[in-house]
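Throughout, numbering of the chain's residues begins at 1 and tracks the sequence. In each ligand, atom 1 is the first atom listed, and ligand 1 is the first ligand listed.
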Amino acid sequence: MPTPRPVLAIHGGAGTIRREAMTPEKEAQYHAGLRDALSAGYAVLARGGQALDAVVEAVKSLEDNPLFNAGRGAVFNAAGGQEMDAAVMDGRDRRAGAVAGIFGPRHPVLAARAVMERSDHVLLAGAGAQQFCREIGLEHRGPEWFRTDQRWQALQDELERRRSGAADDGDEARRHGTVGAVALDAKGHLAAATSTGGMTAKAVGRVGDSPVFGSGTWADDRTCAVSATGHGELFIRYAVAHEIDARMRWGRQSLAEAAEAIVAEIAPVGGSGGLIAVDGLGNVALPFNSSGMYRGIADAEGLRTGIYAGPLVGAGPDSRRHGT
Ligand code: ASP
């Protein structure tokens with residue numbers, strides 16, 4: 001077996017700013033944020049590190065970036081609070097850890113990893129999850145760290161829309177976002193990580209697809225690693241991430257066929273969004289049915305990022321090698 005060529009793919013959510021509202025300055029900031037996360041994660045793979053460490057480093061970078069809906073800059077729920085969900089999964093043995101509805105840890109993805117490595121459980125939620133995070137000494141931050149004016153305004157706009165009875169204008173940037181990473185390392189192992197504030201004005205206690213294994217997050221060395229973003233309820237109902245695994249394993253579909261099929265299947269039933277996926281050969285699929293998805297790829301050829309439909313841009317002799 002030849003040594004696999006490591007690859008990392010990331011997303012910063014399907015809740016992209018409408019093209020007409022995007023300025024060159026903002027666009028540059030998003031690309032820079034994606035490149036920072038790719039650099040952080042790919043550095044791990046380039047020195048022979050594990051896929052699991054790479055996806056965690058990439059997601060930590062995105063959680064610290066207030067542009068993206070995870071950690072700092074998470075959206076607000078209907079009561080004006082922030083409740084975060086995160087998950088990690090290791091393709092070597094399907095070990096997995098997740099947290100749901102937490103507030104306080106600077107890096108929810110580290111909380112998820114700690115559930116996997118330091119508890120007997122797979123998913124911890126709410127007060128118990130927060131107690132666990134404190135007990136193990138995770139770094140915490142106060143409300144001022146997580147709050148951004150844009151997300152607060154998005155909540156006010158959404159609450160006002162509901163009060164007025166106006167139709168949903170489908171503005172994806174106002175409603176959602178998520179961050180995630182998938183990777184293949186030089187030993188041929190896969191991993192996935194996802195972190196989110198969920199959806200703007202969600203009900204208190206609502207949990208999305210990100211910490212639900214087989215829906216928003218999945219990794220199995222035999223098939224693929226997946227991290228999803230979009231309308232979480234639909235991603236849960238259609239078991240989106242596991243559907244890709246099943247189509248590959250039982251249906252013998254390629255990664256691209258499987259990933260594109262499920263993203264197309266959920267579009268007409270309200271499942272707006274997309275996902276990133278990688279298989280054991282280093283193939284990457286980044287399908288979305290929304291108007292855009294913040295996304296990027298890092299491999300030996302360099303870093304490439306994209307927001308709307310079309311080829312990724314960035315360093316490398318052929319930026320379209322992996323398609324979109
Ligand atoms: N999937 C996330 C959730 O439902 C939100 C998003 O990705 O936009 O919580």
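Atom OG1 of Thr223 is separated from atom CD1 of Ile244 by 9.5 Å, given to the nearest 0.5 angstrom.
The salt bridge (Lys or Arg N to Asp or Glu O under 4.0 Å) contacts involving residues 98-115 comprise Asp53-Arg113, Asp64-Arg106, Arg106-Glu139, Arg113-Glu117, where partners must be two or more places apart or lie in separate chains.
With 3.5 Å as the limit, one finds a donor-acceptor pair spanning the side chains of Thr194 and Thr217. A donor-acceptor contact closer than 3.5 angstrom links the side chains of Ser195 and Glu63.
Distance alone, capped at 3.5 Å, places no donor-acceptor pair between the Glu83 side chain and the Gly197 backbone.
A distance limit of 4.0 angstrom between heavy atoms and ligand 1 selects the residues His176, Gly177, Thr178, Gly198, Met199, Arg206, Gly208, Asp209, Thr229, Gly230, Gly232.
Proximity of Met199 to Val75: side-chain heavy atoms (C-beta onward) are nowhere separated by under 4.5 Å.
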